[in-house]
Each structure stands twice: as C-alpha cells, then as structure tokens.
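First the structure, in the form of structure tokens, and then the observations on it.
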Amino acid sequence: MKFLDFQAEVEETLASACRALGYKDAGADVSLPPNDSYGDLASAVAIRIAKDAGRSPGDLAVEIGAKAMDLARRTKYIGGVSPHKGGFVNFGINRPRFLLDAINGILAGDLGTTREKGEVVAVEHTNVNPNKALHIGHARNLVLGDSLVRVMRYLGQRVQALNYVDDSGAQVADIIVGFKFMGLPDEAPPGAKYDVYCGDNVYSRVTKEYETRPSLKEKQSLVLKEIEKGSGELAEYTRGIVRKILAAQLSTCWRLGATYDLLNWESQLVHSGMWEKIFESLKKMGYVRLQTQGENEGCWVIPDPDTGEEKVVVRSDGTAVYVAKDIPYAAWKIGLIGDPFGYEVYSGEQPGGPLYSTTLSGGKAKVHFGGAELAVSVIDARQSYLQKIVAKVLDKFREGASRRYVHRGYEVVALSKKTASQLGFGIDGEFVHMSGRKGLYVNVDTVLDRLKEKAKAETRRRNLSEAEGWVDEVAEAVAVAALRYELLKQDPDKMIVFDMDDALQFQGDTGPYLVYTYARARRILGKTEGRPRITLESAAKLGKPQEARLAKKMSMLDLAAETAGEFLSPREIAKFAHELAMDFNDFYESVPVNQEPDQDTRDARLALVDAASRVLAEAMRLIGVPVKERI
RNA sequence: GGGCCCGUAGCCUAGCACGGAUCAGGGCAUCAGCCUGCGGAGCUGAGGGUCGCCGGUUCGAAUCCGGCCGGGCCCGCCA
C-alpha cells in the first residue's frame, strides 16, 4: 500500500518548493490526473496562485516544477516532475522502486489494514420484521450495512454489528392471528422455508382477511396487548414463532455473508425502563409537554423539527409511539443511559463467531455492547424524518449527542414492470414499490436460487469432470457475488428498479466478473514453474504501461477504504475492485507471464500477479463478495 | 402547505463532498474483430451525449449558488 507514501512525498515536496519560492499560502493539494500520460499525481497550485502572483499559470508551473524536481531527488518514490503549459505540475512515480516496495509489501501481508484500535462504533442493519422472509429491499440494507461493518473493521474501528428485531409489533401479531384465529397451520409444508411460508402464505392472507372480517382486526389488538404484557400463553407462543422465523431469516443473512454480534429485541427495549427514564427527564426540562386541549388532548407532545408543530410521543392511553422506542435504543447505543441488559449467546452456529442476544434476566456472557462512540443506523430513506426527530431528542437529552448518531439512509428497491407482471401484477408505470401485504415482492432466496441455477450451468459447461458438490459450491459463490455487488454498486440515494432478467447478468460490471478475474489470476500462479520474486533489477524490466497501471491501482486499496469509511460509502470498495479487475484483465491480455522467456522478468510478473490478486481478494472480502481459487 | 432524494447516449450508471488539462469514464444492447496462446464469465475497435431547463459566481461549471420543470418519498394517538 505504497501509493499514500508517494502522495505524502509529493505533498511535502510541493509545499517545500512553494515555500522556497516565497508562495507561502499556496497549499499543496494534489489529485489524480484524468489520464496517466500526464503523470501519477497532479497539482493545480500554480493555476490557483497565478492571479495573486501576477504570473501566468504556465510560467509558474515551470518555476515550481523545477524547484520541486530539485527537492525530489532526496525522495524515495518521486521519479520525475513535469510542468504542463496549462499550469499543472505533474509528478511521476519512480517505477522500479515503487513496484518493488509495493509488491514486496503486499506479499509480506501489508494489505493496508489498520492495526491500531480505533473508536467503538455500533452499526445497526438488516432489522427485518420477524414475520416474513427477506425480500431484495432488505438485502440492500443488509449488503450496505454488512459491507460498512467490514470496511470499518479494516480501518481499525471496533464495530458492534447490531440487528434489531421488532418482535412486538403489528406485523408479528398478524401472523399469530393467522395461526390462532384463522386456523392456518403453524408448521410449514415439507421443503418450505419457514419465513417464506409465513410471509407468502400467512401474512398476506391475514391482511387480506382483515378487509372482509373486522372482528379479526380486534383479535390483532388483543394479540398485541398480550405480547406487550410479555407473559402468558399467547406471549410464549409468539416468542416461539418469532424464534423460528428469525432462524430462517438468519440462514438467509448468513448465506449472503452477513453476520451480527448482537440481537436487540424491541420487547426488551420496551420493558427495560429506559424510555421512562428519558421521558421523565424530557418532562423535567419541559421539552415534552402534556397537551390539554385540541385534537392531541391528553397526549404528550414534542415540537416538530421542521415546522415547530407538535408531534405526539405518548398517546392519550399512556402508550409510547414508534419513535419513542427508537429513542432509548439510540441513547443506549451511544451510552447516554445506563445499560439495562445482560447478554447471552443466542447462536453458536453463526459462521465467523457467536451471535449474542440481550436479556433482561441476568445473562452469563461476559460481553459488553452499547456505549459506542458512534452509532450508525442503516435504515431506508423513508424514515429520514423520524430519524431526524430521534437525533433532535438526543440533543435535548445531551448537548451535541446527535453528532454521534448518524442515519445512513438509502433509497428503496422497487420492481420493474416486467418483473411485477411475472409475479402476476399488472401496473401502470414503469416500476412499482414492493408490498408485503399485497404479496408483491421478490424474496432474496428466490433471486439467489435463480442466480445459482444459471451459475451452475455455466460452471458445469467449463468443468465437465468436476464433482457435483464442487460445482454447487462455486455456483453458490457466484450467485452471492452477483447479488451483493449489484445491490452495493449503485448510489444509495438512487432507487433501484429491480428486474429479474437484468439481475441474471454475469458479464461486465458485475460480481461474477470479480470472481472470474481473481480465479484467472490465481490460475497463472497455479500453472507456473517460476516463483513470484522481484528485485530492483527485475522491477526495472516491468516497463509496460499495463504493469504500471496495475501496480498503482493495487496500492490504492487503503485510499479507497478511507473514503468509504469517511462517507459511510462501502461502494467505494466495489468501484475500486472493479477498476482493479479491469486493470488486471488489461494486463492479462497484453502481457505474457508464463510465456515470458526471461526468467527474472517472468518471476517479477508473477510477483505482480500474486500481489494484485491478493489485493483484489481483500477488496472483495470487504464487500462480502466470495473469493474462489478456481471457478 | 413543509421537508428529503433523484434527473448524465436506446437502457442502466461513474464522475458532483474538494470546480480544472486533448476523448465526461464504465456496463447492457447493436455492429466489426480476437481462442494450436496464462481460462472468451475475457479483450480490442465502431457508432451513440443539449450532463433536465434558465440564470448567476468564476480565468474555468456535469460539479458551487438561485429559480423553474419532471419523477420518487416523508410529514398518523400505524409500525
């Protein structure tokens, strides 16, 4: 990861040159040139100071460039400085030195991971109501959140991956109504996944029934009250159903490569007493007040952050509204309130480590959650307004607290007209929003199975003699790669219109392209008689532009990760991985490795391939795209 | 009525935070090529663009500011 070293040298050299020439406040900002024929880093400093200095940008660039060149002789990685007539000062890398250090660094294990302990960050994502299977909208949340967790850990932050389970809401109650009051079987038919069964066959049927049977709606509120109470036969029964659905959901999450550290349960949050404490304190400071007249009579209200009008937080019957459940959760995450929870292992089955659960009755596990320095909530953009209210209340509770509570929003996933019609829904526009009630959605498992089916055919065609199990494993990896990459690569602020046929795409800017490229690179290393090895002498023989581009790109993973962390935007890594893969394929097509007659050159190229593939694998790992040695 | 987000070739999209360099990068689709070669899930080339519109700032605007148009979402004693 030597590019940042080069950049630091350039910045320092540039600043020194400007200082030496008397341009004190010139600054030393550098950027990547649009085209690498200009150089490897560029500065527009001459253009910026030209006016004040009363000189032409071109002349200044020559002057600064000459001074910088002089100073650059003492640096390790600056190979040349060239002024451009437009006013840019371009810096070139000392190729052999840079190639040698970058490659040897990576082969020695330096993939840019920060080792020092960073801040504690709580990242909340997935958060699917436990009454149905994950659909592709949930997958977007999961992929964004899980990738963020991975990137932050790479950056050294101590991350708590949280998954919030709303086990006491109306959606769960609906399922229970179906089982207890409509006589629907609470066992899934053989071969059916339990969460899929509940979503496809129970939930939608119950909500439909509500329209014609008002008495059923009363059963829902009865169930809700029982769940709220937390004890009794119905509450126990519900707990069992929720655990069963959650287990099925988690298997899908794990299939997608996401894992969690902790499950937070809404029911426990409600019974923890945290809200009461916060409520009392807000009352004392006069932020919440009891409305004694008008339409909100008998309710406790707070001011709307946008309009100043009043928002209800506690209903006239004394129960708290939805935001009021989010507030204590947020306060717990950033340590504004004492931790009321104990912890226990929920599942030891989770790949990659145990999954814990909060508990209000003791808890033996010696782990600690909450109290983070920063909390990131991955929640779709429709909840931006509510999240703003939460942040406002946190600020009232403690000055400046909202700076540590960040809503990472993203737009929803809708369905294309074509996909909707394949599901039996005729629509007017070009797309339609998903709806669990209407049964208008595409489940994650369905998409993965379709992708896998296609990947299997493709893999089998290329590997006629391989065992079925091996082909299956590869196809599964390709399917996950395709879906994760597809959902991550797009700007989170843009709605995704999902089309099943378009999603079955393995060529071009896709996850499978990355998987393929990595396997291709490893193939070279597997087939060779040579050894990856590079010296300053052989590094000098790697003079092709494709070699330089590949080496430069692979040494910039840490840069991409820093940006990804700073803007909570893991797709920076997806972009990086794709660019690296393109650079590798370009190299692959134009530079022979094992056919290279000169042994030193061949070994140096092998070292480059080895290093580049390791960086690609690390980038893929950061976005949860599976890595296979062969496909 | 108030608030948030989006608008870049036939379609999808990068670049926008921090304004710069000759061709605004990719992908899909279309057309023309590249397998006795390290894997063709690849590569090369061609065609395809009023960066929604108008104005402002600037030496310089896809990028910053203002207005407008088009599209999506949110603003409940639902969750």
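Each chain gets a letter, A, B and so on, in the order the sequences are listed, and its residues count up from 1. Please read these numbers as outputs of a predicted model, since none were measured by experiment.
A:V478 comes within contact range of at least one nucleobase, with a heavy-atom separation under 4.0 Å. If you check every strand for non-hydrogen atoms under 4.0 Å, A:S37 touches a base. Counting non-hydrogen atoms under 4.0 angstrom, A:E297 reaches a base of the nucleic acid. Residue A:P305 is classed as having no contact, given no heavy-atom separation below 4.0 Å to the nucleic acid. Using a 4.0 Å heavy-atom criterion, one finds that A:F506 contacts the bases of the nucleic acid, with or without backbone contacts as well. At the heavy-atom level, A:L525 lies nowhere under 4.0 Å from the strands shown.
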Protein and nucleotides 23-34 of chain B: nitrogen or oxygen contacts under 3.5 angstrom:
none

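For the pair A:T307 and A:A320, nearest-nucleotide mapping onto RNA chain B gives the more 5' position to A:T307. Nearest-nucleotide positions on RNA chain B for A:A519 and A:D493 put A:D493 closer to the 5' end.
Comparing the same atom, C1', in B:U13 and in B:A29 gives a spacing of 14 Å after rounding to whole Å. Comparing the C1' positions of B:A14 and B:C6 gives an interatomic distance of 15 Å, to the nearest angstrom. Distance noted for atom C1' between B:A21 and B:G60: 11 Å (whole Å). B:U57 and B:C65 are spaced 7 Å apart, taking the C1' atom of each and rounding to whole Å. B:U63 sits 4 Å from B:C16 when the C1' atoms are compared, rounded to a whole Å. With C1' as the reference atom, B:G39 and B:C34 are 15 Å apart, rounded to whole Å.
Proximity of the aromatic rings of A:F279 and A:W300 is defined here by a centroid distance below 6.0 angstrom, and this criterion is met. For A:Y405 and A:H407, the gap between ring centers reaches or exceeds 6.0 Å.
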| query | RNA chain B in dot-bracket, Watson-Crick or G-U pairs under 3.5 Å, [ ] crossing, | other strand? | reply | (((((((..((((......[....)))).(((((.......))))).....(((((..]....))))))))))))....
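The closest side-chain donor-acceptor pair between A:N296 and A:E310 falls under 3.5 angstrom.
A:S384 contributes no side-chain N or O that forms a donor-acceptor pair with the base of B:C74 under 3.5 Å. Taking 3.5 Å as the limit, the base of B:A21 and the side chain of A:N90 contain a donor-acceptor pair of atoms between them.
Cation-pi geometry between A:K454 and A:F506 is satisfied (NZ or CZ under 6.0 Å from the ring centre, within 45° of the ring normal).
A:Y385 does not qualify as a stacking partner of the B:G3 base, lacking a centre-to-centre distance under 5.5 Å together with planes within 30°. Between the side-chain ring of A:Y588 and the base of B:G42, no stacking contact exists by the 5.5 Å and 30° definition.
Salt bridge absent: A:R460 and A:E466 never bring a charged side-chain N and a carboxylate O closer than 4.0 Å.
In terms of the side-chain contact (heavy atoms from CB on, under 4.5 Å) criterion, residue partners of A:A381 (sequence neighbours excluded) are, by chain and number, A:S384, A:E411.
Ring planes of A:F88 and A:H84: perpendicular class, angle over 60° (limits at 30 and 60°).
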